[in-house]
Student: 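A single structure is presented below for examination.
For the numbers below, each heavy atom of this structure counts, side chains included, while hydrogens, waters and symmetry mates do not. Read the numbers this way: they start at 1 and go in the same order the structure lists the ligands and their atoms. Because the structure is a prediction, the values reported are computed rather than measured.
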Amino acid sequence: MSEIFVVVEHRNGEIREITYQLLWKADELCRKGSHTLTAVVLCGEKENFISEINDRADRVILFEDERIKNFNGDLYKELLVRLIQEHKPILTLIGHTPWGMDYAPSISIKTGYPLATDCVDVIFENGRPKVVRQIYAGKIFSRVAFKDSEGYLITVRSGAFSIDKAGEHKGEVIKKDIPPDLPTARREFVAFEDAGAGAIDITQADLLVSIGRGVGEADKVPAMQELANLMGGVLSCSRPVVDKNWLPKYHQVGTSGKSVKPKVYLAFGISGAFQHVAGISGAGCVIAVNKDKKAPIFRVADFGVVDDLFKVAEALKAKLA
Ligand SMILES: Cc1cc2nc3c(=O)[nH]c(=O)nc-3n(C[C@H](O)[C@H](O)[C@H](O)COP(=O)(O)OP(=O)(O)OC[C@H]3O[C@@H](n4cnc5c(N)ncnc54)[C@H](O)[C@@H]3O)c2cc1C
């Protein structure tokens, strides 16, 4: 029997959703493989995260110190490496987030444990994890096996698993002291700056008309705004639309934009890259319009139209006018 570690992620005093997803998957792996589940929390003093996670893990290892209240890749890496070397967990699950992308590779180098990044599923086969990753912009799923190792590291894509509480656990809390020889960090947390809601708040909309690179040019955006207005919805977009300055950043849906939860999400000319669809996992009904019938967006769509987006938009406008 061995441990599975889950690194708890939090920001501004709140546990992030990815933590619950990792705990859900770790619980499933523990039940199938008779492992135990350990949540590792690195946080500031008196940040009360324990009550939110200790019924989802067998053990909670807690480091509390003002130096680690906010994310600091140098210190987090140092503490996690030492903890992994001490406990030798068979598997450490980390979010594929800016945190995880920052320290997971260096933990792998320091511990010698192999790392698979951005995984959307994990199973154990013959005592070793196997993962599923998406390649070619989400068009193909690849299964990746590890070479034999004492332990393994996996970063998990946000939205890949449920946030629900699965098995019953009674997490024993183990407080750990910060080692006196913890090196001084080379980076310093300065401030957390929220991108802000902007002129509109896409997170509160019931109907989002969302546009992607498929609209082709800035001049076409007003026609899609008009459709959103006619439908009583709000215009949102994928990242290239923001990168090209067709719309301001606060319209962007996705991992580096906003997570949205409309009743209906209409995706026009959006391919469905994982960074985008991770932001719409809370949507009630997803309707995709794309001229490519193999576009990954159709995998998450409840309804799909394979056609030119402008043809569909004009037909909708004609009905609503
Ligand atoms: C660290 C990182 C963070 C990221 N964060 C985000 C994020 O938060 N949000 C986000 O969206 N992306 C994000 N991305 C980018 C992401 O990987 C994709 O590149 C992006 O989502 C693709 O946007 P798109 O679907 O609009 O464009 P494309 O992938 O170019 O897709 C355009 C689609 O339009 C279709 N199309 C073209 N013309 C028409 C037409 N006339 N009618 C119908 N369909 C048409 C095409 O078939 C295609 O499927 C991030 C990337 C990285 C590396």
Side-chain angles (χ1 to χ4, degrees), residues 9 16-18 73 94-105 117-120 133-140 155-160 194-198 202-203 208-224 227-228 234-262 265-283 286-301 303-317:
E9 199 162 308
R16 307 213 75 202
E17 227 174 74
I18 182 73
I94 297 166
H96 192 75
T97 59
W99 278 35
M101 285 188 260
D102 182 306
Y103 58 63
T117 57
D118 193 20
C119 302
V120 295
R133 306 178 74 235
Q134 284 186 353
I135 53 174
Y136 296 114
K139 288 202 169 85
I140 295 177
T155 67
V156 171
R157 179 184 299 176
S158 175
D194 201 329
I202 60 169
T203 66
L208 283 174
V209 174
S210 208
I211 55 170
R213 188 165 15 214
V215 296
E217 50 185 316
D219 289 354
K220 301 280 171 57
V221 175
M224 300 309 286
L227 175 65
V234 170
L235 190 69
S236 59
C237 67
S238 66
R239 179 160 152 175
V241 173
V242 173
D243 291 346
K244 287 172 182 288
N245 284 325
W246 296 348
L247 281 174
K249 175 83 178 165
Y250 52 78
H251 287 268
Q252 186 189 319
V253 173
T255 50
S256 54
K258 300 249 164 76
S259 289
V260 293
K261 45 178 177 21
Y265 187 79
L266 266 155
F268 285 95
I270 293 177
S271 60
F274 76 84
Q275 291 98 341
H276 187 84
V277 295
I280 59 171
S281 57
V286 175
I287 304 168
V289 182
N290 198 303
K291 65 180 183 187
D292 175 7
K293 68 172 191 257
K294 289 193 175 147
I297 190 79
F298 289 126
R299 283 205 208 107
V300 297
F303 301 95
V305 182
V306 181
D307 210 336
D308 181 83
L309 71 93
F310 297 107
K311 213 169 122 191
V312 177
E314 289 311 317
L316 278 171
K317 278 193 209 166

Student: If you draw a 6.0 Å radius around CD in Gln275, do more than 12 non-hydrogen atoms from other residues or ligands fall strictly inside?
Tutor: yes
Student: Could you give the distance from CD1 (Ile94) to OG1 (Thr155), rounded to the nearest 0.5 Å?
Tutor: 7.0 Å
Student: Listing by chain and number, which residues have a heavy atom under 4.0 Å from ligand 1?
Tutor: Gly212, Arg213, Gly214, Ser238, Arg239, Pro240, Gln252, Val253, Gly254, Thr255, Ser256, Gly257, Gly269, Ile270, Ser271, Ala273, Gln275, His276, Asn290, Lys291, Asp292, Asp307, Asp308, Leu309
Student: Please name the residue in the list Leu266, Ile297, Val312 that meets the side-chain contact (heavy atoms from CB on, under 4.5 Å) test with Ile287.
Tutor: Leu266
Student: Under the rule for side chain to side chain donor-acceptor pair (under 3.5 Å), what residues qualify as partners of Asp307, not counting sequence neighbours?
Tutor: Lys311
Student: Counting only heavy atoms not in Arg133 (residues, nucleotides, ligands), do more than 12 fall under 6.0 Å from its CZ?
Tutor: yes
Student: Would you mind checking if Asp118 and Arg157 are paired as a salt bridge, meaning a charged N to carboxylate O distance below 4.0 Å?
Tutor: yes
